[in-house]
Participant: 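Pasting a structure here, questions to come.
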There are 4 protein chains.
Amino acid sequence: MTAVKKKTSRSAPVLESAPPRGRGRPRDLQVREAILRAAREIIEASGPAGLTMEGIAARAGVGKPTVYRWWADRHAVAMDAMMQEHGDPAAMSPQRKGRVAIKALQRQLETVAEVFASRAGRNMASMLAAADSDSELAKTFRNHFVMARREEGRSLLNEAVANGELRNGIDIDVALDMIYGALFFRLLMGHATLDRGAVQKILAHAIGGLGLSEQ
Amino acid sequence: MTAVKKKTSRSAPVLESAPPRGRGRPRDLQVREAILRAAREIIEASGPAGLTMEGIAARAGVGKPTVYRWWADRHAVAMDAMMQEHGDPAAMSPQRKGRVAIKALQRQLETVAEVFASRAGRNMASMLAAADSDSELAKTFRNHFVMARREEGRSLLNEAVANGELRNGIDIDVALDMIYGALFFRLLMGHATLDRGAVQKILAHAIGGLGLSEQ
Amino acid sequence: MTAVKKKTSRSAPVLESAPPRGRGRPRDLQVREAILRAAREIIEASGPAGLTMEGIAARAGVGKPTVYRWWADRHAVAMDAMMQEHGDPAAMSPQRKGRVAIKALQRQLETVAEVFASRAGRNMASMLAAADSDSELAKTFRNHFVMARREEGRSLLNEAVANGELRNGIDIDVALDMIYGALFFRLLMGHATLDRGAVQKILAHAIGGLGLSEQ
Amino acid sequence: MTAVKKKTSRSAPVLESAPPRGRGRPRDLQVREAILRAAREIIEASGPAGLTMEGIAARAGVGKPTVYRWWADRHAVAMDAMMQEHGDPAAMSPQRKGRVAIKALQRQLETVAEVFASRAGRNMASMLAAADSDSELAKTFRNHFVMARREEGRSLLNEAVANGELRNGIDIDVALDMIYGALFFRLLMGHATLDRGAVQKILAHAIGGLGLSEQ
DNA sequence: GGATAATCGAGACGGTACGTCGCGTCTTCAT
DNA sequence: ATGAAGACGCGACGTACCGTCTCGATTATCC
């Protein structure tokens, strides 16, 4: 839920539940789309830093108060805009059947890496930390864009343990942080590539471990 | 090296090499200190978001143009300010002897985790992505604050391999990203603690691997 | 018409014609008054040189951009401010009946001299030449404050000629410049007084001429 | 004498009398010339409003303090610069013999009008009022550029009265203000031409008077 | 159907901060 | 002592956005 601020309940953006059906003129959904499209285009053109409320309103052909009516600040708009493009988690791992969970994990990681490596990925990264760190918004941002993927991995790992593909007793959270953290680290630092080979290597090292096989 | 912009070369901040000894009045080092101190105090008090050039100048008792003479923007000041406090890499791993490299690595990771977990750590994190992502400044920032620690780890890992503490053939970069990435991931996402226990678990999982010991 | 600069037409100040009745929020006339009042007070207190946009905005309790929205620079504000005080030409010669035009002229000149000799007069003088000489603004300034009075004299002179109070064939423009120029000259140079006696003498010399009566 | 301000007696610019022959390095006269030349060129190129101390120093290849050592502010430099070009009063009326003083007056007025009508004339005009009205500098300015010419006229008028070319009993100051004021008025207002015809008409009207010849 | 009410475009408004320019003073080195 | 260079404190510049507000014009629901 994006930050809500004052009088008229600034609506929950992603997945609004009930159309309140109040009295006055109902909100124009085309306006919502126009605003989000404008935001996306601006981010595309000038990066997240170039995103301003005035710019959004102008490009959407909309009054500023209209934007403020539905979103608390530029970050909220940005998040909703990004959500429309890349927020669909279902698209990421439809391909897993019943076979090897590790293989499925690898495929998912590859998809994640692909998104991370794209321009949108870098944009998301720079929005991530820009948003005041522990604001409600920043958390949502992280949850939706990064942690959601990590959570997809959790079930795969659980499955892998259940399958006997991974050993018992591992701390799933630690494992997730090692794997997804490595990807994310590369995204933010930009010191290494983020391609399929990278994913494979990370996965292999995580599974194989750094220590001596026999001890 | 911080962003340099226009006419009079905005001096390299972190480790200026040659005192140019030109003609005119030499720059006043006390002014530099006052500015950096002011920046540190403001960040301390209001977070990195509360840092403004005007605020810095006012608190330092200095003209705005003086600040701009030496730093291109607020991020550059912030970076230099942080550097003074936490930029000393030597302080982090003086304790390693000649014995177990893994143990030394663990100690270094604990120190890193401690810094990350502190307020300054969160501040650094939020500055990290704020600075336009792939600007020269942002890169320096990352290199000095994060990658420098990672590099300390590299030599320890190399040593560990040489010692026979870790197996041959591992990709050191991947290993570093798994370990430091996991820490950094937790720093930014804030979904899990960053204490000694966490460090130990991460290290253990990285070394032991997720896979079956005997297969 | 004061200098107009950019996008939203910076409105004509003195005697705006049509209230545009556009869409958005209409401009607040109280703000306009507050700004002009502030400008007047500052000029009163510190002279025209002490007038700054920041000072105006601060004293009027108004944002700087609001001032810039309606006036292009400090001179434009000053002009409108002065206009409110001394721009009323009707106040200057209401007293003429149908009798001697020369007498009426003298009275008008005395009023002009009085204004010129006042503090406001000196202020106006120093604004006159300060404003970039042949900018649109400077012209308006001159037209409203000085030339308008000169024009009042024109009709009086015409009348005087028609009455037979002055001889035919004189060049009215030259006559006006001799008379009003003499006053203005004294205003700017400050080398001689600007009282009733001065006015009377100037008028007498202009009418009587410097030459020999009979030749 | 230009405004002198502080410690080392800022020397009188226009006609320094004695070379003080103090202790240290004597001042470099070439520097003085370079500064004044720079000032002239800047005024020529950008008008008096474009004249800044920094600009002068830069163009003259001189340190700012050097300029400030000898002139109190930009107006003082400007005045000295203009003085070099147009300050020579002797050049203006060498042609008078012993014959008709009125004729000589006319010739002098024509010269004055010519200077006034030139670009330099307009520049001088705009400097005139810009300089804080009753500062010492502004007075000097006026005295040198305008009043000096008026004074030249005074002796001519006196002579004309003595010759019988003009009638007795006229107030010379008033007469001067009528004539020179008319010229100056046209210079500042710019509402009428400033050519020979104008001078002739003004003179004719001043001498002939506006009133009826016989009454 | 007429009142009520929320929407939307537009844009003025009080602010804060931006980054720049010029001021006039100062400090340093070289002459 | 003079002079070139240029750092410094300061004040103002004019601009960009912020988030709020006040308009007129729609567009619905409710009485």
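The structure displayed is predicted, hence computed values, not measured ones.
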Participant: Strictly below 4.0 Å: does D:Thr66 bring a side-chain N or O up to OP1 or OP2 of F:dA4?
Facilitator: yes
Participant: Let's test your reading of the model: under 3.5 Å, does the base of F:dT26 pair with the side chain of A:Arg25 as donor and acceptor?
Facilitator: yes
Participant: Looking only at the side chain of A:Asp73 (C-beta and beyond, no hydrogens), which of the listed nucleotides F:dG19, E:dC8, E:dT28 gets closest?
Facilitator: F:dG19
Participant: B:Thr52 has a side chain; which of E:dC18, E:dC23, E:dT7 sits nearest to it?
Facilitator: E:dC18
Participant: Given that B:Gly55 and C:Gly61 both sit by DNA chain E, which one's nearest nucleotide is further toward the 5' end?
Facilitator: C:Gly61
Participant: From E:dA17, E:dT16, E:dG24, pick the nucleotide closest to the side chain of D:Tyr68?
Facilitator: E:dG24
Participant: Can you find a pair of side-chain heavy atoms, one from B:Arg32 and one from B:Trp70, that are under 4.5 Å apart?
Facilitator: no
Participant: Toward the 5' end of DNA chain F, which comes first, D:Ala60 or C:Leu51, by nearest nucleotide?
Facilitator: D:Ala60
Participant: Quick check on F:dC8: is either OP1 or OP2 less than 4.0 Å from any side-chain nitrogen or oxygen of B:Trp70?
Facilitator: yes
Participant: Given 3.5 Å as the limit, does a donor-acceptor pair link the side chain of B:Asp80 with the main chain of B:Met83, or not?
Facilitator: no
Participant: Mapping D:Pro65 and B:Val31 to their closest nucleotides on DNA chain F, which lands nearer the 5' end?
Facilitator: D:Pro65
Participant: Answer yes or no: side-chain N or O of A:Lys64 and base N or O of E:dG11 forming a donor-acceptor pair under 3.5 Å.
Facilitator: no
Participant: Side chain of D:Glu54 only, please: which of E:dG22, F:dC13, E:dC13 is the nearest?
Facilitator: E:dG22
